[in-house]
Amino acid sequence: MLDLRRLMLSYKFGIDAVMTKIGILRDEFRHIHDYNPIEHTGSRLKSFESIVAKAQRKAIPLTLDGVRSQMFDVAGVRVTCSFISDIYRVRDMLVAQKDLTLLEERDYIANAKPNGYKSLHLIVQVPVYLSDRVEDVIVEIQLRTIAMDFWASLEHKIFYKYGQEVPRHLTDSLKLAADVAWSLDSSMERIHEEVKALADDREPLGRGEDHLRPEEVLEAFMRTVEVVDDASRSRR
């Protein structure tokens, strides 16, 4: 029981270490840069019951070494971003840190799951400094846009309610919703880039983008909307 308590504590400390890293990046962008790619964060620690169930399902030895070496989702951190490009930007900043080791990367954005699920998963190893030793802890980091996170939350609720017997019309609807969410993410990314480009074009020499007046940002946005609308009419 003491070993189990230590195991769960080490995973909790691993989450705390990763959350601290993300919190520092978020605060740095909030106070120094003109744009913050991190919308919000969350974390979760797998319950002992869930660990046992997965170990039985996956034939993983229910030992400290078995859990550590074969179960990579005990400790999880979720980072929600505004845009798809932000996901990879945060990813690059995290893996560049010397005391964080990237063990595996699963890009479900470039290669979505058959049900439509999209997210970027990073399996990382982070050192946890305890009173008598340093323990390397594995943490799974999921990076998503707001639309991806909303879809995944809905999908989880549906599968929790129906188990593995989800009606076909609901799985079809979820796949369609995933396609719509991707279209929204792509459109918002394009508008964001066009607004940024217009703002940069209008920027006077010697003045940073963070000094743009609100009315200039709004004007740049409206000009982008007009461009998109004109292009849409021309294709009709």
Side-chain angles (χ1 to χ4, degrees), residues 3-48 50-51 54-55 58 60 63-113 117-149 152-153 185 189:
D3 286 341
L4 175 61
R5 187 179 302 120
R6 284 182 174 176
L7 176 68
M8 300 309 290
L9 269 178
S10 69
Y11 279 115
K12 178 190 179 300
F13 297 150
I15 289 174
D16 292 342
V18 172
M19 289 292 284
T20 297
K21 290 176 174 296
I22 295 170
I24 289 173
L25 291 174
R26 186 176 184 179
D27 288 345
E28 178 194 2
F29 272 90
R30 180 182 294 131
H31 294 293
I32 297 177
H33 301 285
D34 58 343
Y35 175 69
N36 190 351
I38 301 172
E39 284 288 336
H40 53 83
T41 60
S43 64
R44 64 109 184 93
L45 182 63
K46 214 175 189 64
S47 67
F48 179 66
S50 296
I51 292 174
K54 182 169 184 177
K58 299 288 188 179
I60 297 174
T63 62
L64 297 183
D65 289 340
V67 172
R68 286 194 181 110
S69 63
Q70 299 185 52
M71 201 174 295
F72 299 148
D73 62 344
V74 175
V77 170
R78 183 173 302 153
V79 182
T80 307
C81 303
S82 296
F83 303 103
I84 301 165
S85 58
D86 291 338
I87 291 175
Y88 295 100
R89 186 178 188 181
V90 174
R91 177 260 181 214
D92 290 345
M93 289 188 293
L94 285 173
V95 300
Q97 299 192 14
K98 293 182 179 179
D99 61 344
L100 190 149
T101 303
L102 178 64
L103 301 178
E104 184 179 349
E105 182 170 344
R106 304 169 186 170
D107 193 341
Y108 297 119
I109 298 175
N111 302 285
K113 290 186 176 181
Y117 175 84
K118 288 180 179 288
S119 182
L120 179 66
H121 291 199
L122 307 177
I123 309 299
V124 303
Q125 184 173 275
V126 62
V128 171
Y129 295 86
L130 303 173
S131 60
D132 57 346
R133 67 192 185 281
V134 178
E135 190 165 313
D136 292 323
V137 178
I138 294 177
V139 179
E140 180 187 50
I141 305 175
Q142 298 178 355
L143 298 107
R144 304 171 177 170
T145 63
I146 297 171
M148 293 174 192
D149 190 52
S153 177
D185 272 336
E189 180 98 35

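Here the CD1 atom belonging to I141 is positioned 6.0 Å from the CG atom belonging to L100, to the nearest 0.5 angstrom. Rounding to the nearest 0.5 Å gives a distance of 8.5 Å between CZ of F83 and CD1 of I146. For the atom pair D107 CG and L122 CG, the distance stands at 9.0 Å (nearest 0.5 Å). The line from CD1 of I38 to CD1 of I22 is 6.5 Å long, rounded to the nearest 0.5 Å. The structure places CZ of R78 at 8.0 Å from CZ of R44, a figure rounded to the nearest 0.5 Å. Atom NZ of residue K113 and atom CZ of residue R106 lie 8.0 Å apart, to the nearest 0.5 angstrom.
Of the possible polar contacts, one joining the S119 side chain to the L143 backbone as a donor-acceptor pair under 3.5 Å is found.
Within the 4.5 Å cutoff, side-chain heavy atoms of K21 are placed close to those of D99. In this structure, the side chains of V137 and F13 stay at 4.5 Å or more apart for every pair of heavy atoms. Considering only heavy atoms from C-beta on, I51 comes within 4.5 Å of M8 through its side chain. Between E189 and T145 there is no side-chain heavy-atom pair separated by less than 4.5 Å. Within the 4.5 Å cutoff, side-chain heavy atoms of P37 are placed close to those of V90. Side chains of L130 and R6 form no contact here, defined as non-hydrogen atoms less than 4.5 Å apart. Side chains of E39 and D149 form no contact here, defined as non-hydrogen atoms less than 4.5 Å apart.
Closest of all the heavy-atom pairs between Y11 and I138 is CE2-O, 3.6 Å. Across all non-hydrogen atoms, the minimal contact from P127 to V134 is CB-CG1, 3.9 Å. When every heavy atom of N36 is checked against every heavy atom of F29, the shortest pair comes out as OD1-CB, 3.8 Å. Contact between M19 and G42 at its shortest, heavy atoms only, is SD-O, 4.0 Å. Nearest heavy atom pair, residue A55 against residue M71, reads N-CE, 3.9 Å. The shortest non-hydrogen separation linking R26 to T41 is NH1-N, 4.0 Å.
Of the charged side-chain nitrogens involved, at least one lies within less than 4.0 Å of a carboxylate oxygen, so that R68 and E135 count as a salt-bridged pair. For the pair D73 and K54, the salt-bridge criterion is met [side-chain N within less than 4.0 Å of a carboxylate O].
Between Y117 and H121, the ring planes lie perpendicular to each other; the angle is over 60°, past the 30° to 60° tilted range.
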- Take V128 and S10 through the test side-chain contact (heavy atoms from CB on, under 4.5 Å) and record every step on the way to the result. CA-CA 7 Å; V128 171; S10 69; 5.8 Å; no
- Item | Test log, rule side-chain contact (heavy atoms from CB on, under 4.5 Å), inputs V126 and D136 | CA-CA 6 Å; V126 62; D136 292 323; over 6 Å; no
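Identified under the salt bridge (charged side-chain N to carboxylate O under 4.0 Å, His left out) test for residues 87-96, with sequence neighbours left out: R91-E105.
With Q97 as reference, L25 is the one residue of V124, L102, L25 to meet the side-chain contact (heavy atoms from CB on, under 4.5 Å) rule.
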